[in-house]
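Shown next, in structure tokens, is the structure this report addresses.
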Amino acid sequence: MRKKKINREFRQHLLVCAGTGCVANHSFEIKEELEKEIVRKDLQDEIQVVTTGCQGFCERGPIVIVQPDGIFYQRIKKKDIPHLVEEHLLKGRPVNDLMYVPAPEERPVPKMMDIDFFKHQRLIILRNRGRLDPENIEEYIGFDGYKAMELALTKMSSEEIIREVKRAGLRGRGGAGFPTGKKWALCRKEPGRIKYLICNGDEGDPGAFMDRSVLEADPHSVIEGMVIGAKAIGAHQGFVYVRSEYPLAVKRLKIALEQAEAYGLLGENILGTGFNFHIDVVQGAGAFVCGEETALIASIEGRVGRPKQRPPYPSQAGLWGKPTNINNVETWANVPMIILRGAKWFSSIGTETSRGTKIFSLVGKINNTGLVEVPMGITMREIIYDIGGGIPQGKEFKAVQTGGPSGGCIPKKMLDLPIDYESLTQAGSMMGSGGMIVMDEDTCMVDVARYFLNFTQEESCGKCPPCRMGTKHMVYILDRITQGSGMPEDIKLLESIAENVELASLCGLGQTAPNPVLTTLRYFRDEYLAHINEKRCPALVCKTLISYVIDPQLCGGCTVCAKKCPSNAISGEPKKIYTIDQAKCTKCGICITVCPPKFNAVKKVSPAVK
Amino acid sequence: MTKIKTILEKYDYKKSRIIQILNDIQRIYNYLPKHVLEYVSRELRLPLSNIYSIATFYSAFSLKPRGKHLVTVCMGTACHVRGAPAVLSRLEERLKIRTGNTTEDNQFTLKTVNCLGACALAPIVVIDEEYHGQTTVNRVDTLLNKYAKEEN
Amino acid sequence: MINITINGKRMRAKNGETILEIAERSGIRIPTLCYHKDLTPFGGCRLCIVEVKGRKIPLTACTLIAEEGMVIKTATPRLQKLRRFTLQLILSEHPNACLVCERESDCANFQECIKKSAVTFGCKSCPQNDNCELQDLVHELDIRSIPFQFRYRDLEVERHDPFFDRDYNLCILCGRCIRMCDEIRQANTLQFHHRGPDTMVGTAFDLPHLESGCQFCGACVDVCPTGALRDRFSRYDKPPDKSIKTSCMLCSIGCALNINITGGKMTCSTPRNDQICVRGRFGIAPLVNHPKRITKPMIRKGGQLVEVDWEEALEFAGKKLKENRNRTGMLISPQLTTGAIDGARSCAHSLGARIATPISLHSLPGIYKLSQIQGQVAFFIVNTDMVGDFAVLLLKLRKKFKDKAVFIVIDATRNSSARFADLVLNPRPGTENNLIRILTDPRKILNKSGIPAAAIETARSLLKGRKIYALFNAENFIPAGPSKSVKPVPLHSHVNAEKIMKNVPNDTYGTLLKDKKIECLYLIGAAPKLNRKYNTLIVQDLFLPDFDCDVFLPAAAFVETDGSIIDLEGKKKQVRKALEPAGKSRSDEWILANLVRVMNSKLKRSVRAKKSKNGQQKKLVRPSAKYPLQLVIRENTYGYRSKPLSAILKGFDRMRHDRYLWLNEKTAKKCGLQDGTYVNVVSRHAGFKLPVKIDPDIPDKTALLYYHPSMGYIPEEPVRLECIK
């Protein structure tokens, strides 16, 4: 196997983040402009510009990192580039204005590893993020890539591989946390020559994008993991199922697969060992339920994604009736490291029951939005405050939602909860795929519950009445509550429907659909009661229960809100006090965002005024 | 139908690849025309009722012609807490259509998607595969005006 | 064998048995709704859930395969609660007014009239009242209230397709109709579409069933647990109080039927064991109960047909027949009992009469035996719409060979078997044998069929290494001489064909009607178009013919008589009298026996028929400038006795446009014709007028006609079209 080090003839490398987030922020244009400027300054033989996968600090994109200096530049615009190249690359003077500043009054932090967001993370799955070009296999190989696979194929037996993964304590990172080694063993012991391997990249949880990042930043880690898994189970054909909303991930994956095959690391006779394994990419088509194993299998078979009752499990009869092992993207990406560095090393990270690290997508009302990889057992508080930088605009933390539509919210009083599978489940939530949506005082928890249930309703496959209709009736009740027609019996009714839906539904989607309702009822019951009994929304979110009013004591008569109001609901005269006509107001919220900060006169009140 | 034949050949006329085939067809026509589905049904020996079932189950597919510009609002949780519902309402008002429909002049189709995975840019509106991050409710008008201007 | 425990009782189970199967055979009741023993388990309705030790969530018994040591509970309070919850949810979208009404028991009189209202709002106005699985479950699970907001889907009841209505306001999405249509009938007409709360059952693009490949076999109607799918004819009738077994006589397959009777009236016929087709399912009850059916004997007096009693009618008929001794022709339908056929032969013999049937001289004799078709097979379907004409036979074939058989359609015109066939070839009319030789003979043969070389290659590669059988309706195709590579399997659509070909002298209607010596006709279940006057016309049938007759003897329908038939496998099957003949009608056997009595004839022994010269090739005339359109004729197999079903039963005329001339758009445009326009069709020996039906699957320069003897003499020769001013 070839080993190639990164080209040493360049004195510096500029790593431009090209994850979906930064690409959306025009990072490719930044790259082109950098390259042009470097040519203009005749530095093209000394400095190389490389695009990498997602750096994780999406809030601050576009991101450019200068190596080997380790200097982190963020929110780069095209106009910054000439100055940057001139100062840092030519004159050796890093540009402070473009660096990360934690808070306006603080000093810039030049080095990436000193930034809180990064320094608390432990990168195993994301080990290669930001340091290699995912479209160049040589770079992956240069960082010990495919070494684990070589070991597994040439020096280990299938049983040894499974034993190692079992000892490591790796658990499924897709949501349920089933022990991976055990899952592999179950599939291995099934009779038959034809077995399949599937990588579940259907990441449908809203707010979760770690699978996307791994596939975009380091697709080879997944491929390598799958080959090792294939050897362990005895499969010769694998599929990566990627949802249709991730075109860049599909593109990078396909390039990686081509290159791996060209280098003899995938396909027929891998590394000359006689082991064959092929991987095909299959795209989803917009159905969250296809993240469920049996629905995913149906989708690959070209059918609608309606789950089937298990047993039989996919490991017994899966794709086309054959034993099939499905694991999440993150799970596969963990495997090479476990084989390379050993189960002992892996199990030394994390907690007793939840070993290793987990990637979380930290989003919502948080300063440092992005992707973080941390060891299991870290507390919620550390993630939100130390890494996440706390809540923007000085607002109060209210709750963090984990596990997406199958999970629940963790309130402030549980911030010191260590994050692992068991403690999250005990708190009424679950690990899920790792989405962490932070909510502040301006988030209405009843609205959140309604949002999630609405989501589940839309994504329900429709096969079984408890999910198809049970969630619908829960939505009806939550709609009533958020629209001011809630009745005292509603909470009891919600709870009883929730209980039944959980037990009577066919698949995980329906069985976990009531969780958001149950946890918000558990920790924020008072908000429900306020909606029902007082017709009041404490967070000032539910449209029917709020009114926009202009405080006459603060209004400066600047006319801006009246001009911007799309429904012509604001009237008044310049330099005089303006008022909002409640009958015309559609509560779009534009007025409150355009009122100059020096007046801050537009307020939301609840209950609504007549 | 030569374009369709090429697509079918690309997937070896395999029935199990119907979802990918429909995806490729939609790329060409911007929706799934009935006569094309009938053709595919005959060529693949796959009942039309099955194809219709698949086309209506997966939300990526549209059986109605879509507008010139596809406006997609992300309704993921992160976008939701950052105000996506208000953005959607505003778009509905401006375009004078409900979500899932197309404007009368066939310029815009408005739809939602449940999380694009670019949560740092919330709230996000995607128009014709171009991502417009941080599109809060008061930026909607500016964004739409840009496209209207390009028409003229 | 496996050991499991259900409700504390130890049981033994076979490998692969589901918990539900074990429970059912042990007498343990588990409620179900989407389960059907002939269809693959769906696990969707969630009513059959059972508690499995070691698992938090209950599992569906219909999908759960028993494993050693399983401990199952089928009726805990938690299960009952969950089952009620699920059923209540289903009911929240199904008109449920009557189900939980306290006044349910004293509503009886009022609902007789409101049942005929357009909207089903509750059981009392539903056609399936007292015949509904949902009702049964509600009573079993003792549901008294539904704590959920009710949503009426507010869908229009679909009534535009023939034979059955679809009221999707009542659909509970169990999927049984879909699985029945897909797995057993293989018509693939229905599927779930959309998702989540919008999920609904229907056809592609919500097209009518007529345009979605539906065979109208009614199997979906029979598995629907609620009133969502209902037989239009019997929808107001109460459930049957009697069900009598008989064999269907509408075609040669002779399926076993249940004749369902309520209060002495036949309401519908349903399959007894296997599958049946649209004729057996929807063609019998409306026929037996038809308002135009004549059930009293009649004689023409003073220019009018007048009702008389049997003695008078028989006397008159007998007198006329004796007067016309040796100058009488008897035309009989094969759709009579064997006893009636024998009776007709004896009668003919004693009168010195010629006797004729519609079986053509050219058709090849033969008995069909499924057991003789074995191995790696390929089928040519030649000039025969297997799906329309022999649906049940086709199902048995496809079931026997699953996906392993190859089907190639060889037809000069449209053929709905194209829907499932592996390859469809449209040779020029009359060149079918040439094409078959080309496909199976390795030597080089001149290609007269017009099929391009690429298609021939594809066909050859499909046929490699397979035994080839040619399936064809014996009236539509005559295979060329004996062949080593292709075994002909002639299928006769007429019941009793084998008996007729053995025992009845080979006269067809056509040859008999040409006989100038014949002055009197005795027509039993036959009413072909006549082209001259006869001194006496005696008609024995259920309906009046299109021409004037002198005597009408009302015959009983086959469900009103006892007797036997010979099916296309040569097997003898019983026909049973399920109900009393309508009005004064009598069985053919009775009429013939009494006619002979009245004529005082002694029954002579029947004479062995001459060996028929069947199987002669027809010579196909080519089109010319004067007659440019090739007329392709296919037998109309949808008839009972003298009438095509489309002539008497609404619904059949819409699904089988068999009294139309079929053209494609191009041909129709040339003469300025549209769907439904009448046109004069002229050939060298015949002329007739028909409305036009435009269909894209009719090849250029051809016209298609489904032929029934009531149309008169129409030879298969080129025609031209003349517009009617």
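Because the structure is predicted, anything quoted here is derived from the model rather than measured. Computed over heavy atoms, backbone and side chain alike; hydrogens, waters and symmetry mates excluded. So you know, we letter chains A, B, ... as the sequences are listed, proteins then strands, and number each from 1.
Side chains of B/Thr99 and B/Glu92: a donor on one and an acceptor on the other come within 3.5 Å. Of the N and O atoms on the side chains of C/Gln275 and C/Arg185, at least one donor lies less than 3.5 Å from an acceptor on the other residue. For the residue pair C/Asn188 and B/Ser49, no side-chain donor N or O sits within less than 3.5 Å of a side-chain acceptor on the partner.
For B/Glu38 and B/Arg42, the salt-bridge test fails: no basic side-chain N is under 4.0 Å from an acidic carboxylate O. Between B/Asp141 and B/Arg90 there is a salt bridge, since at least one side-chain N of the basic residue sits less than 4.0 Å from a carboxylate O of the acidic one.
Looking at B/Ser41, neither its backbone nor its side chain comes within 4.5 Å of chain C, counting heavy atoms on both sides. Heavy atoms of C/Ala187 lying under 4.5 Å from chain B are absent altogether. Only the side chain of B/Leu63 comes within less than 4.5 Å of a heavy atom in chain C; its backbone stays farther off. Only the side chain of B/Leu37 has a heavy atom closer than 4.5 Å to any heavy atom of chain C. In this structure, chain B has a heavy atom under 4.5 Å from the backbone of C/Thr189, while its side chain stays farther away.
Looking at B/Asn101, B/Asn106, B/Asp105 one by one, the single match for side-chain hydrogen bond (donor to acceptor under 3.5 Å, both in side chains) with B/Thr103 turns out to be B/Asp105. The side-chain contact (heavy atoms from CB on, under 4.5 Å) with B/Phe108 is formed by just one residue from the set B/Leu144, B/Thr102, B/Leu70, B/Leu91; it is B/Leu144. Of the residues B/Asn114, B/Ile124, B/Leu116, the one that meets the side-chain contact (heavy atoms from CB on, under 4.5 Å) test with B/Met75 is B/Asn114.
One N or O on the side chain of B/Arg45 and one on the backbone of C/Ala421 form a donor-acceptor pair closer than 3.5 Å.
The stretch residues 9-20 of chain B places none of its residues near chain C, where near means some heavy atom under 4.5 Å from a heavy atom of that chain. Contacts from residues 168-181 of chain C to chain B, taken as heavy-atom pairs separated by less than 4.5 Å, involve no residues at all. Applying a 4.5 Å heavy-atom cutoff, the residues of residues 190-205 of chain C that approach chain B are C/Leu190, C/Gln191, C/Phe192, C/His193, C/His194, C/Arg195, C/Thr203, C/Ala204, C/Phe205.
When every heavy atom of B/Thr112 is checked against every heavy atom of B/Thr72, the shortest pair comes out as C-CG2, 4.2 Å. Across all non-hydrogen atoms, the minimal contact from C/Ile381 to C/Ser417 is CD1-CB, 4.1 Å. When all heavy atoms of C/Phe164 and C/Cys220 are compared, the pair lying nearest together is CZ-SG, 4.2 Å.
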* Step-by-step side-chain contact (heavy atoms from CB on, under 4.5 Å) determination, B/Asn30 to B/Thr109 -> CA-CA 11 Å; B/Asn30 201 20; B/Thr109 296; over 6 Å; no

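Residues meeting the side chain to side chain donor-acceptor pair (under 3.5 Å) test with B/Thr136, sequence neighbours left out: B/Asn138.
Judged by the 6.0 Å and 45° rule, C/Arg281 forms no cation-pi pair with C/Phe163.
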